[in-house]
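Everything below concerns the one structure shown next.
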2 protein chains.
Amino acid sequence: MPSDVIRGALIKRLRVSSAIADEDIREIEALPISVRHYPAETAVVRDGERATDCCLIADGFCARSKTIANGKRQILSLHIPGEIPDLMSLFLHVMDHDLSTLTAATLGLISHETLQKLHRRRPVVAEMFWRDTLIDSAMFREWIVNVGQRPAPARLAHVMIELRERLKIIGRVDGASFEMPLTQEQIGEALGITAVHANRVIRQLREEGIVELHRGRVTVLDERKLSELADFDGRYLHQSPTL
Amino acid sequence: MPSDVIRGALIKRLRVSSAIADEDIREIEALPISVRHYPAETAVVRDGERATDCCLIADGFCARSKTIANGKRQILSLHIPGEIPDLMSLFLHVMDHDLSTLTAATLGLISHETLQKLHRRRPVVAEMFWRDTLIDSAMFREWIVNVGQRPAPARLAHVMIELRERLKIIGRVDGASFEMPLTQEQIGEALGITAVHANRVIRQLREEGIVELHRGRVTVLDERKLSELADFDGRYLHQSPTL
DNA sequence: CCCCGGTTCCAACAAAAGTTAAGGACGCCG
DNA sequence: CGGCGTCCTTAACTTTTGTTGGAACCGGGG
């Protein structure tokens, strides 16, 4: 995979959330990145580990999660190409959660050292990355609301729409359908419900003609009903650099 | 309230999470802060508003929350003296949630402009504040797990222990007891359950001789049982500057 | 081609949490 | 001191979600 393809999605994404100068883009394009391939369902960094690199997703889907004493797992966020899910490890060196692949994935590793140097050289880029971690944080806040206050069908609808909005930015939504490569077990872990209940909810949305979910692909059947159910307000994604 | 008292808790807190030079402390002590008093249960900044200052809690308790379309509210975090709950507004100018007081509170307002200038002058301080927002983010992750995976009694126990650990840093734990000035309604909103169920859970913990909760004050009766129930691992608070 | 493991799907029952309703405690204010 | 409002408390009932267990489906590897 050529270097510009790897960085393309990142720059596309940064442009949406921050104003960014050409000079800074060149700096980012010059960043030394080492590429690694991971199979599906593999740990990239584990809870408790000490990270020395951040990873930029070049291709594939990832998820962050935490596992508690009784063995239950909670998925905290989903990640798509162009994102750096463990940017936080730059300053929080020991991981407090897992980062793993959902699908087979290509990741670009950027060393902490490289990033620190870039920040010293270009404080504006540092601010941009800071802003990126703050958006990450805003997404966690919305995730708390989702899991804490919405009934299960609304939770699923909300996660779907959030994912779609983010996929749109990198041009990965194909009409009424987009990828969401989670098993029902994982959907349950994301929504804070069991896999059995996740299945019930998926069936319900299908029977009501709202969305179809098949083989890791979502097809929206009734946009109106879906967005009403999801109660989605994308402001928390902070996609307007001017504001 | 004298200026050094206002800044004291902040510096105490920053020392715990980051290594910090005397020179930088002096910079922070020189920050122009305007002090305001708020009654209990008052909005400080509202969802959708555009912030121009960050507020340092000098005294009192605050909470951040989001309210969804059906009127339900989710509390996202609790905040104590020494914290800057809306530091994120520095780069995410329009608020995606509410910040309000729980008790009567004294807040020190620091303008965004002042902070930006300080960051340009002392990048190390910027990194320290960045790290602070990342710890904030780590706390949201744990809150997701709490609301998503733990049964209600464990949720309550976990929130209590987290609050206690943070109060310890600023010397606000008095033996087996500490402040937690939430109504049962608010406890429900924090845990993602109804007030009625919150009451059930509180009663249960009292009947089992684990904790007593009375008038906004928690008294731990059985430390062993409490920490077993809470499944608490404080690593996510990232309180070790060396790591 | 068929078997195997992982998923999906489903039903019956159990447990947890939400809803509604109403009485009691407590502090504040007139 | 009495009344009012907020919070706390509890019970009875409903709904949602979890649990258990099992069948059908599907894709990949032998």
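These numbers come from the heavy atoms of this one structure, side chains and all, not from hydrogens, waters or symmetry mates. Lettering follows sequence order; numbering is per chain, from 1.
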Most 5' of Thr183(A) and Gly148(A) on DNA chain C, judged by nearest nucleotide: Thr183(A)
From C-beta outward on [X], which listed nucleotide comes closest to its side chain: [options]?
| X | options | value |
| --- | --- | --- |
| Val196(B) | dG18(C), dC10(C), dT10(D) | dT10(D) |
| Arg206(A) | dC9(C), dC8(D), dA11(C) | dC9(C) |
| Lys72(A) | dT8(C), dA17(C), dT19(D) | dT19(D) |
| Thr194(A) | dC10(C), dA17(C), dG18(D) | dG18(D) |
| Arg215(B) | dT20(C), dG18(D), dG27(C) | dG27(C) |

Any side-chain donor near an acceptor of the partner, Glu189(B) and Gln184(B), under 3.5 Å: no
Answer yes or no: are there more than 12 heavy-atom neighbours, outside Arg46(A) itself, under 6.0 Å from its atom CZ? no
Length of the [atom1]-[atom2] vector between [X] and [N], whole Å:
| X | N | atom1 | atom2 | value |
| --- | --- | --- | --- | --- |
| Asn199(A) | dC9(C) | CG | P | 5 Å |
| Glu185(A) | dC9(C) | CD | P | 14 Å |
| Arg150(B) | dA15(C) | CZ | P | 23 Å |
| Ile202(A) | dC10(C) | CD1 | P | 11 Å |
| Gln204(A) | dC10(C) | CD | P | 13 Å |
| Gln186(B) | dT6(D) | CD | P | 14 Å |
| Ile187(B) | dC7(D) | CD1 | C1' | 12 Å |
| Glu41(B) | dC28(C) | CD | C1' | 17 Å |

Would you please test Arg141(B) and His97(A) for side-chain hydrogen bond (donor to acceptor under 3.5 Å, both in side chains) and show each step? CA-CA 9 Å; Arg141(B) 286 193 287 273; His97(A) 62 278; 3.3 Å; yes
Lys66(B) side chain near Arg73(B) side chain, heavy-atom distance below 4.5 Å: no
Could you please spell out the steps behind the side-chain hydrogen bond (donor to acceptor under 3.5 Å, both in side chains) verdict for Arg200(A) and His197(A)? CA-CA 5 Å; Arg200(A) 274 197 280 255; His197(A) 196 52; 2.9 Å; yes
Tell me what Gly192(A) touches on the nucleic acid: a base, only sugar-phosphate, or nothing, going by heavy atoms under 4.0 Å. sugar-phosphate
Categorize Ala195(B) for me: base, sugar-phosphate, or nothing, with a 4.0 angstrom heavy-atom threshold over every strand shown. nothing
Is the shortest side-chain N/O distance from Arg203(B) to OP1 or OP2 of dT10(D) below 4.0 Å? yes
Might you work through the side-chain hydrogen bond (donor to acceptor under 3.5 Å, both in side chains) test for His238(B) and Asp96(A), ending with a clear yes or no? CA-CA 9 Å; His238(B) 296 276; Asp96(A) 56 44; 2.7 Å; yes
Is there a donor on the side chain of Arg200(B) or the base of dG18(C) sitting less than 3.5 Å from an acceptor on the other? yes
Donor-acceptor pair, distance only, cut-off 3.5 Å: does the side chain of Asp86(B) make one with the backbone of Ser89(B)? no
Inter-residue atom distance Ile68(B).CD1 - Glu142(A).CD, 0.5 Å rounding: 8.5 Å
Roughly what angle, to 10°, lies between the helix axis at the start of the helix from dC1(C)-dG30(D) to dG30(C)-dC1(D) and the one at its end, five pairs per end? 30°
